[in-house]
Colleague: 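What follows is a single structure, and I will ask about it in a moment.
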Amino acid sequence: MSLPPNQPGGQNSEVLDTFPKLLLNHAKVRGDKIAMREKDLGIWQSWTWSEVADEVRALACGLAALGFKSGDKLAIIGDNRPRLYWAMAAAQCLGGVPVPLYQDSVAEEMIYVLDNADVRFAIVEDQEQVDKLLEVKEKAPKIEHILFDDPRGLRHYDYPFLSSIDKAQEQGRQYDEAHPGFFDQSALSGSGSDVGIMLYTSGTTGNPKGVVLTNDNVIITARNGIIREGLTENEEVLAYLPMAWVGDNLFSYAQSYVAGFTINCPESGATVLTDLREIGPTYYFAPPRVYENMLTQVMIRMEDASKIKQKMFHYFMDHAKSTGTRILDGKPVSLMDRLIYKLGNFFVYGPLRDVLGLGRIKLAYTAGEAIGPEIFDFYRSLGINIKQLYGQTEGMVFICVQPDGEVYADTVGTPAIDVEIKIDDNGEVLYRSPGVFHSYYKNPESTAKTKTDDGWVFTGDAGFFAENGHLKIIDRAKDVGKLNNGTLFAPKYIENKLKFFSFIKEVVAFGNERDYASVFINIDLEAVGNWAERRNLAYSGYTDLANQDTVYDMIQECVEQVNLDLSKDPLLSNSQIKRFLVLHKELDPDDGELTRTRKVRRNFIAERYGPLMGALYSDVAVQHVETQVKFEDGRTGVLTADVKVRNAKTFTPVKAAS
Amino acid sequence: MNERNFGEVILDLKGISLSFGAMRVLNNISFNVRQGEIRSIIGPNGAGKSSMLNVINGVYHPQEGEITFRGEVRKEMKVHEAAGFGIARTFQNIALFKGMSTLDNIMTGRNLKMKSSMLAQAIYWGKAQKEEIEHRKKVEEIIDFLEIQAIRKTPVGRLPYGMQKRVELGRALAAEPEILLLDEPMAGMNVEEKEDMSRFVLDINDEFGTTIVLIEHDMGVVMDISDRVVVLDYGRQLADGTPDVVRSNQDVIDAYLGVSH
């Protein structure tokens with residue numbers, strides 16, 4: 001594993017292979033530069049790198065005084081608070097391993113992780129977390145000491161193993177005086193191959209697994225990301241995502257420690273949007289739903305704006321749609337269009353970016369799930385460089401990133417620096433990179449199942465490389481099937497494409513071991529209801545609306561547009577949707593059709609609606625169906641309907657699968 | 001909860017009777033409040049609970065009885081005296097400045113503590129500047145304490161009811177009161193909001209050592225958080241004591257569950 005030579009900060013990169021070393025280096029090289037801010041009592045308080053180094057030193061010595069030793073695990077639970085980030089560094093300074101936990105987990109969920117990770121020490125935010133740990137402590141007796149940040153409400157808690165971070169730091173300063181040289185020796189003794197951090201993945205099935213990452217895993221990946229995107233020490237980042245999530249660890253901790261840029265902690269979870277506006281970050285990560293919410297907010301507020309403002313907004317937004325992304329991607333744009341865009345920038349785009357808190361953005365990432373192309377294009381047309389990335393905890397986030405100027409809504413970009421990717425025979429994506437995790441903690445079986453001996457990791461995702469060299473993720477590998485003619489069938493890919501239409505709420509796609517692909521569709525009652533109202537269409541409820549011919553016409557257009565898209569895709573052109581129907585009832589977790597997190601349970605639905613499935617794979621035009629439904633008060637009833645089934649137009653593939 | 005110790009009696013009411021014309025709303029009520037306790041007044045509608053609070057902070061003047069506040073015996077309290085002596089209150093029906101922000105509303109609670117002249121305050125000059133910064137700091141501490149940072153700049157009229165109640169509590173706290181009178185702080189709230197409010201009441205008592213006199217309908221809440229409870233019914237005093245004592249008092253059970261007379 002070699003380190004890239006041009007390490008930001010200009011120091012000898014060979015030495016800076018642990019977080020303590022990076023921290024002490026920053027304190028020396030840019031000691032007066034702001035490392036952290038937190039809004040407290042309405043004012044942004046700040047700490048320079050040398051102040052952070054000092055705080056971390058006191059906390060580390062305090063932990064040492066309490067008996068924290070090299071190899072010990074330190075659980076960290078709470079919102080994004082500076083002192084919790086310092087706790088991470090403090091543990092690392094002692095050769096220990098920070099284990100951040102999700103702060104909204106209930107006590108029982110924490111027991112497993114705390115016990116599995118052999119946690120002896122915990123640093124938590126406030127009374128809420130202390131109460132949980134006190135509950136946990138009875139069942140997970142390995143915990144020996146708990147430190148808290150906010151003393152509120154804890155005045156009367158009289159336990160010998162509970163104390164405040166303040167007190168620990170005070171003790172630490174005395175310990176530091178009494179043991180000169182201890183801290184420096186301990187902080188500088190680690191190496192890149194030591195374990196840096198452990199992050200638990202929230203297993204959807206079974207217990208969570210502790211992903212063990214070495215300092216090299218984290219630091220080299222963080223550095224590669226910085227190099228690829230040209231980030232500097234002058235970035236501003238808002239730390240608002242859970243500390244237990246690998247992304248926060250990368251964006252708000254590791255990359256800051258590598259590049260030396262500033263982390264801003266919001267005042268509280270409820271003030272994030274205000275704080276975003278005040279800070280104006282230059283580097284930002286948000287999951288797609290955050291961008292979606294922001295866009296919805298803008299649109300709702302525009303509806304209330306005056307006619308002139310609305311006209312102006314829509315005129316310039318239309319213009320931005322056609323030219324904004326082209327300008328951002330550095331493609332040729334006519335002089336006139338550029339001028340109009342400049343004007344729009346002055347009147348609409350600039351102020352809008354400011355309101356969103358994205359006025360200074362150099363780079364914004366999104367990942368986690370598919371983002372609607374419209375949402376994506378909205379931000380890009382405003383000149384906000386938002387890009388998708390593809391990553392995993394097991395690879396310290398970065399696997400693929402969209403390069404500047406080559407951003408497409410339906411791909412996740414090209415491999416990140418030092419990352420190799422291959423697709424196996426089943427279509428599953430494998431990668432190998434410096435970020436590949438060391439192992440799952442105390443779980444060699446899972447490790448062996450996920451990681452090969454020569455370092456390749458199975459992602460569990462199915463995907464392929466598009467012609468432009470970009471990776472396309474289509475579905476979870478276990479859900480991908482084959483049509484009867486042997487071509488690839490990825491249900492979620494089709495479902496997502498349809499769900500991007502605002503009229504369509506849920507989709508269930510079928511096709512595995514069938515002759516062609518077909519779908520069940522749930523319309524979005526609100527959106528289609530509005531649409532019907534504007535056309536003076538009368539309807540009595542969901543079932544009635546869903547069965548109207550005009551609604552079918554409109555949905556058919558959506559389906560055919562997806563077919564057109566699919567026809568351009570050499571691998572998926574055979575998955576064009578031949579037949580579809582609009583379900584007579586909304587899919588509902590109470591009926592077991594969706595999971596509680598609203599994922600469709602495809603096989604269950606196929607069985608439950610057997611007659612409709614039969615109709616999709618025959619040529620009947622109307623199918624009678626009776627369905628048992630559960631009402632909210634627990635009673636059951638039977639819903640009968642005559643559901644129409646339609647054929648959709650398909651298109652000749654632009655290129656056949658090779 | 002740990003053993004709670006209370007200080008001396010700071011407010012002692014003896015034989016208080018209050019009438020409006022022929023209407024006798026309070027009839028020979030006697031109870032006291034000790035330093036640092038949470039003291040509740042309960043009773044059915046029209047029992048005279050709010051009237052009792054109004055007697056304490058000087059809005060109503062009782063015809064009979066005497067009030068001993070900090071060792072000084074008097075026939076009645078006066079509103080400005082009560083405020084000056086550190087008695088603050090919230091109201092059953094929210095009484096905030098609807099058009100002003102949360103921050104400004106709480107700032108008005110600091111009014112009595114401001115020493116500089118109105119002119120100096122208006123032009124933000126000299127001592128007034130330093131003073132205002134200090135007051136703002138105190139207000140920010142209250143905002144932090146009540147966890148209302150996100151609505152700091154929101155006009156109060158736009159806030160949901162439960163939040164308005166919290167702002168009103170904040171304004172009362174801004175006066176750094178010795179005794180805090182809360183008139184049905186949890187009325188109209190859902191379970192979760194009630195839990196939050198209960199926690200704030202307990203935390204205020206705990207963190208600042210504020211003595212709290214509370215009127216509340218929700219018996220569950222009252223019995224959970226109070227140190228002592230006095231029960232009124234149609235202006236009469238039915239019982240006075242710890243929640244356990246009050247809960248087992250036959251008169252109280254009759255008044256609450258109804259009994260044929």
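Side-chain atoms are counted along with the backbone in the values below, which use heavy atoms only and exclude waters and symmetry mates.
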Colleague: Would you say that more than 12 heavy atoms from the other residues, nucleotides or ligands in this model lie under 6.0 Å from the CZ of B:R247, or not?
Modeller: yes
Colleague: Under 4.5 Å from any heavy atom of chain A, what part of B:R136 do you find: side chain, backbone, both or neither?
Modeller: neither
Colleague: Name the region of B:D144, side chain, backbone, both or neither, that has any atom closer than 4.5 Å to a heavy atom of chain A.
Modeller: both
Colleague: For the atom pair CD1 (A:I43) and CD (B:E140), what is the distance rounded to the nearest 0.5 Å?
Modeller: 7.0 Å
Colleague: With a 4.0 Å cut-off on N to O distance, would you call B:R199 and A:E128 a salt bridge?
Modeller: no
Colleague: Do other residues, nucleotides or ligands put more than 12 heavy atoms under 6.0 Å from the NZ atom of B:K98?
Modeller: yes
Colleague: Roughly how far apart are A:L41 CG and B:I143 CD1, rounded to 0.5 Å?
Modeller: 9.0 Å
Colleague: Rounded at 0.5 Å granularity, tell me how far CZ in B:R152 sits from OG1 in A:T271.
Modeller: 8.0 Å
Colleague: Should the heavy atoms of other residues, nucleotides or ligands under 6.0 Å from CD of B:E8 be counted, would the total exceed 12?
Modeller: no
Colleague: Can you list the steps and then say if B:E207 with A:R152 is a salt bridge (Lys or Arg N to Asp or Glu O under 4.0 Å)?
Modeller: CA-CA 8 Å; B:E207 288 280 306; A:R152 172 161 171 207; 6.0 Å; no
Colleague: Which bit of A:S268 is near chain B, if near means a heavy-atom gap under 4.5 Å: side chain, backbone, both or neither?
Modeller: side chain
